[in-house]
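Order of the sequence lines fixes the chain letters, A, B, ..., with proteins taken first and strands second; residue numbering starts at 1 for each chain.
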Amino acid sequence: QKEVEQDPGPLSVPEGAIVSLNCTYSNSAFQYFMWYRQYSRKGPELLMYTYSSGNKEDGRFTAQVDKSSKYISLFIRDSQPSDSATYLCAKGYSGGGADGLTFGKGTHLIIQP
Amino acid sequence: KAGVTQTPRYLIKTRGQQVTLSCSPISGHRSVSWYQQTPGQGLQFLFEYFSETQRNKGNFPGRFSGRQFSNSRSEMNVSTLELGDSALYLCASSLERQGTGSYEQYFGPGTRLTVT
């Protein structure tokens, strides 16, 4: 079983819809979680990080963590065509160093105008 | 503040050759991590450098090596290139070592390496 699982998509939704992107993980030692957005031919861009269970909101983006279920989600409200990209979730644990960061393979999101 | 820069952006090499990639972190950042990204394997950690010392290393063969200079700039080297080394090589910088409380790392645009 891979440590971090993401549905690769593509996920196609109409402009203005609420998007839900999800990740599951298997290692309960994971303590902090991040979401990155990657446009084609660009490096990943950090969107959000969270250290605890619950919700964290930043503008149109909300990250939700459920440690008991080992499930994290990213919600995008009022989606825009410019949100079309690949979204990577990443997980790590304190004291683990960079090799403690594990990335999912990403979900390709398409927002249709 | 300028972001992470990587040079060159694109590179084509033949099997058996070696290659050196360069990364300049965000000013003030002391940690530089390198990743390999391929469609099949996704983002895989290569190594992290902090204060000119390699702090962590991923599961890659010894053909992959790196170093960090006193100004935090970093280089990675791949010797005896193989076709499977074709990938996007990403560098990421952060203020402190990963896992020490600084969870934010910032990626450069990457170097696209093609091995023929």
With under 30° as parallel and over 60° as perpendicular, where do the rings of B:Tyr35 and A:Phe103 fit, or are they tilted in between? perpendicular
When rounded to the nearest 0.5 angstrom, what is the spacing between CG in B:Leu95 and CD in B:Gln105? 12.0 Å
With a cut-off of 6.0 Å (strictly less than), are more than 12 heavy atoms of other residues, nucleotides or ligands near CZ of B:Arg15?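 12 or below, so no.
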Can a cation-pi geometry be assigned to A:Lys56 and A:Tyr49, taking NZ or CZ under 6.0 Å from the six-membered ring centre and within 45° of the ring axis? yes
Under 3.5 Å, side chain of [X] to main-chain N/O of [Y], donor-acceptor pair present?
X        : Y        : answer
A:Glu57  : A:Phe61  : no
A:Gln6   : A:Gly106 : yes
A:Lys105 : B:Gly40  : yes

So which of B:Gly42, B:Pro109, B:Gly110, B:Gly108 has the biggest tally of heavy-atom pairs under 4.5 Å with chain A? B:Pro109
Contact leader toward chain A among B:Gln41, B:Gln44, B:Gln6, where contacts are heavy-atom pairs under 4.5 Å: B:Gln41
Measure A:Gln38 against the heavy atoms of chain B and call it side chain, backbone, both or neither at under 4.5 Å.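 It is the side chain, since no backbone atom gets that close.
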Non-hydrogen contacts under 4.5 angstrom with chain A: give the residues of residues 73-91 of chain B involved, or none if there are none.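 If one takes a 4.5 Å heavy-atom cut-off, the residues of residues 73-91 of chain B near chain A are B:Leu88, B:Leu90.
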